[in-house]
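What follows is a single structure, written as structure tokens, with notes after it.
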Amino acid sequence: MKVVGINGSARKDGNTAIIIRAVFEELEKEGIETELIQLYDKKLTGCIGCMGCAGKGYCVLKDDDFGEIFRKVTAADGIILGSPVYSADVSALMKAYLERAGIVVSKNPGLLRRKAGAAVVATRRGAAMPALDALTHNLLNKEVLIVGSGQWNVVYGREPGDVLKDEEGMNNMHRLGQNMAWLLKLLASSDC
């Protein structure tokens with residue numbers, strides 16, 4: 001089994017990467033492979049509306065990194081979408097990924113059906129809920145089974161590493177990883 005995490009932050013290894021890795025720790029304890037994709041150095045543009053993906057299962061545009069990222073996501077058993085909060089929403093990098101993935105899946109239903117998924121957000125203060133909602137609704141709309149942590153999947157911190165001071169938030173990330181591992185094992189053992 002494998003889970004791919006997408007870090008929508010413009011910072012390499014910042015707070016969003018830290019919280020995704022906390023989830024990964026629990027998955028790895030259960031023998032689940034993980035891969036973190038950091039968008040900070042990826043070239044991504046929004047969807048151009050050509051609908052060339054219809055019936056193909058992939059985006060026909062080849063001039064950026066979306067295709068490689070999306071292939072990894074569709075091959076994985078689980079998905080974690082993570083973003084810092086920028087102006088009460090997800091980052092522009094994450095928005096470009098969500099837009100492209102959303103169109104490809106809408107034109108090729110079932111690509112992400114019944115994968116385990118979760119959204120996580122790193123935020124300095126308020127406005128986390130619109131970002132968390134955007135990520136979670138993206139997964140729900142693609143028939144991904146949402147994993148929770150018993151609280152909102154939000155961790156507070158401004159400077160890189162500050163999220164480690166949010167004990168409750170970090171505990172939620174670990175619980176999220178435990179719950180995702182449980183669901184992945186259940187899915188793997190069932191006939192669904």
Side-chain angles (χ1 to χ4, degrees), residues 1-47 53 57-86 89-105 108 111-123 131-132 134-147 153-155 157 160-161 163 173-174 176-177 180-181 183-184:
M1 288 180 284
K2 183 172 183 177
V3 173
V4 171
I6 300 179
N7 172 14
S9 179
R11 290 180 175 171
K12 179 183 181 184
D13 297 325
N15 287 325
T16 307
I18 290 168
I19 65 176
I20 293 172
R21 285 189 175 115
V23 177
F24 280 1
E25 284 177 31
E26 301 301 326
L27 295 168
E28 291 164 0
K29 285 179 190 176
E30 296 297 324
I32 298 167
E33 184 183 348
T34 63
E35 180 179 356
L36 179 62
I37 299 170
Q38 300 199 62
L39 299 183
Y40 81 97
D41 65 346
K42 304 291 185 207
K43 182 180 176 191
L44 285 174
T45 59
C47 179
C53 58
Y58 60 88
C59 180
V60 297
L61 299 180
K62 306 259 188 241
D63 60 347
D64 70 5
D65 296 313
F66 175 79
E68 175 188 348
I69 296 165
F70 193 67
R71 277 190 296 280
K72 290 179 179 186
V73 169
T74 57
D77 302 290
I79 308 159
I80 298 172
L81 298 177
S83 182
V85 175
Y86 290 172
D89 204 350
V90 297
S91 69
L93 288 167
M94 180 57 79
K95 192 71 162 175
Y97 170 79
L98 295 176
E99 186 176 278
R100 294 271 288 281
I103 296 298
V104 174
V105 176
N108 301 275
L111 281 178
L112 302 180
R113 182 178 291 141
R114 297 188 189 121
K115 293 183 185 289
V120 298
V121 171
T123 188
L132 184 64
L135 296 172
T136 302
H137 275 91
N138 180 274
L139 294 169
L140 283 169
N141 192 23
K142 309 309 177 269
E143 301 180 82
V144 174
L145 304 174
I146 302 299
V147 179
N153 297 340
V154 175
V155 186
V163 290
M173 295 301 103
H174 287 282
L176 178 63
M180 182 173 271
L183 179 58
L184 285 166

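- Within the 4.5 Å cutoff, the side chain of Arg100 has heavy atoms near those of the Asp64 side chain.
- Within a 6.0 Å radius of NZ in Lys2, more than 12 heavy atoms belonging to other residues, nucleotides or ligands are found.
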Enumerate, atom names and distances included, each donor-acceptor pair closer than 3.5 Å involving a side-chain atom of residues 90-97, sequence neighbours excluded.
from, atom 1, to, atom 2, distance (Å)
Ser91, OG, Gly8, O, 2.5
Ser91, OG, Met94, N, 3.1

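- In this structure, the side chain of Glu99 engages the main chain of Cys47 through a donor-acceptor pair within 3.5 Å.
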Practice task
I would like to know whether Val4 and Ile79 meet side chain to side chain contact (heavy atoms under 4.5 Å, CB included); could you show each step before the answer?
Solution key: CA-CA 5 Å; Val4 171; Ile79 308 159; 5.9 Å; no
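- For Arg113, the salt bridge (Lys or Arg N to Asp or Glu O under 4.0 Å) partners two or more places apart in sequence, or in a different chain, are Glu143.
- The backbone N or O of Cys53 sits less than 3.5 Å from a side-chain atom of Asn108, completing a donor-acceptor pair.
- Residues satisfying the salt bridge (Lys or Arg N to Asp or Glu O under 4.0 Å) test with Asp65, not counting sequence neighbours, are none.
- Here Glu26 pairs with Lys29 under the salt bridge (Lys or Arg N to Asp or Glu O under 4.0 Å) rule; sequence neighbours left out.
- Under the 3.5 Å distance criterion, the side-chain polar atoms of Asp89 are left unmatched by any main-chain donor or acceptor of Ala131.
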Return all side-chain donor-acceptor pairs below 3.5 angstrom for residues 66-73, not counting sequence neighbours, or 'none' if the list is empty.
from, atom 1, to, atom 2, distance (Å)
Arg71, NH1, Gly67, O, 3.4
Lys72, NZ, Glu35, OE2, 2.8

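- Glu28 meets the side-chain contact (heavy atoms from CB on, under 4.5 Å) test with Phe24, Thr34; sequence neighbours excluded.
- For Lys115 (side chain) and Ala76 (main-chain N/O), a donor-acceptor pair under 3.5 Å exists by modelled atom type.
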